[in-house]
Amino acid sequence: MQINGQRLWDSLETLGRIGRYWDEVAQLWGVNRLALTAADGEGRRHVVERMRALGLTVTVDQIGNVYGRRAGRLDHLAPVMIGSHIDSVPTAGRFDGCLGVLAGLEVIATLVDHGHTTARPVVVAFFTDEEGCRFGTDMLGSAVATGRLALADAYALRDPAGLTVKDELAAIGFLGDAPVALAPPHAYLECHIEQGPVLEHAGMELGVVTGVQGISWQELTLVGRSAHAGTTPMELRRDPGLVAARVHVHLREMVASGQYGQLRATMGRLEATPGLVNIVPSRVICTVDLRNPDEAALQRAEADLARFVEEAAAAEGVTVQRRQTARTPPVPFAPEVQRRVAEAATALGLRHQAIVSGAGHDAQEMARLTRAGMVFVPGLYDGISHNPRELSTPEAIAAGGQVLFSVAMSFAEEAE
Ligand code: HGY
Ligand code: MN
Ligand code: MN
């Protein structure tokens, strides 16, 4: 059975119009469906409508995860689950996450077209707040569904305006009542745009994802003393902005030192208060995102950075409060899933290679419950992502969708 690549491409365009905004910098339409905002709610309702139109039974759980289920001939058996997320960063393209959910619906639509019922049930899922950039921790919905995060703790998370996850779920009408604990699926599959340059530069048509690298997010609150920019002598200052700048430079120096393997380090958020031209800031809040495929090297980087921050703050008479907001170790994907993805790619004559995911994904959480794996579709323009310029080709999307279909069917027709 062949999926309908054009229908999949069109569905990405349609969903991509929900929450779209004109990005002045990129001079392109971008997507902003930040988790649990009205735009996210609109995107969710659109996908739920598509699930229902495909005859799926839709369940919304207490953290807002949504599952669309298609019965199987042996309906008592554990389902094959295909999922990802449809929430986005505020400056997104239309592929990150959405490809995995819409390719899952394309699998269902293909089965409907052919009037074929699989042995096992098939479930298409989208998880709440995978991006984590509003409430501070990533993979929120899938982490709760797989027991890494407690529901009460997730509910209590607040965004910078002080709004809670629970209230915002209710506000968009997705505070469901189904229990969050997920029964282990027979297998979990996720198709995702690579979001990096590896496949494009290697001339590959598909990536067989071997796992996800470790992720460490922390928020630093640096408090000094606000003072007049003109009258305050430099030696009397306690400037948190200087400490933040030193930390930022130190991140690059740690990577350049080569002592932490393939460390990647980012200071994505940097907010000075009061943030005005003629006042030494009283407070700076900044974030640090550390990534590493090697857990021991990631822990070394965290420990060394913590020491550096303490020393830099003390030298400037600034206090520091550190809050770990996300932390997941490197997660390997099931060899059996990898094997089937590679086999399907070979059968379709697709140039493919193994690749470690630089980004976090819901599949890393689902790997706690079952055999999980991912299909990567190459991006264009060095695979830029978390940016309106994120793009792939209709051919690559169709190929990824077809491999996803083949692998899903191989699991869905297993009666034991
Ligand atoms: O940050 C990540 O790796 C993913 O996009 N949530
Ligand atoms: Mn994603
Ligand atoms: Mn993302």
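Counting convention: from 1, in listed order, for ligands and their atoms alike.
At least one heavy atom of H386 sits less than 4.0 Å from an atom of ligand 1. Proximity of R291 to ligand 1 is established by a heavy-atom distance of less than 4.0 Å.
Its N, O or S atom nearest to the Mn ion (ligand 3) is what matters here, and for D96 that atom is OD2. Note on E131: its N/O/S atom closest to the Mn ion (ligand 3) is OE2. Within H192, the N, O or S atom lying nearest to the Mn ion (ligand 2) carries the name NE2.
Close N/O approach between D138 and ligand 1 is not found [any backbone or side-chain N/O within under 3.5 Å].
Those atoms of ligand 1 that come under 4.0 Å of a heavy atom in A359, given as number and element, are 3 (O). Atoms of ligand 1 lying under 4.0 Å from at least one heavy atom of E130, given by number and element, are 4 (C), 6 (N).
Within the cation-pi definition used here (under 6.0 Å to the ring centroid, within 45° of the axis), R340 qualifies as a partner of F411.
With a 4.0 Å cut-off on non-hydrogen atoms, H85 does not touch ligand 1 at all.
Side-chain contact between V47 and V101 is present, with heavy atoms from C-beta onward closer than 4.5 Å.
In terms of modelled atom types and a separation under 3.5 Å, the side chain of S392 and the main chain of P378 share a donor-acceptor contact. In this structure a side-chain-to-backbone donor-acceptor pair under 3.5 Å is missing from S142 to F127.
E130 and H361 share no side-chain donor-acceptor pair at under 3.5 Å. For the residue pair T128 and R44, a side-chain donor N or O sits within less than 3.5 Å of a side-chain acceptor on the partner. Residues E190 and H85 have side chains that never bring a donor and an acceptor to within less than 3.5 angstrom of each other.
The shortest heavy-atom contact between R33 and I18 is NH1-O, 2.9 Å.
Taking backbone and side chain together, H361 holds no N, O or S atom under 2.8 Å from the Mn ion (ligand 2). Here H386 reaches the Mn ion (ligand 3): one of its N/O/S atoms is less than 2.8 Å from the metal. Here E130 fails the criterion, with no N, O or S atom under 2.8 Å of the Mn ion (ligand 3).
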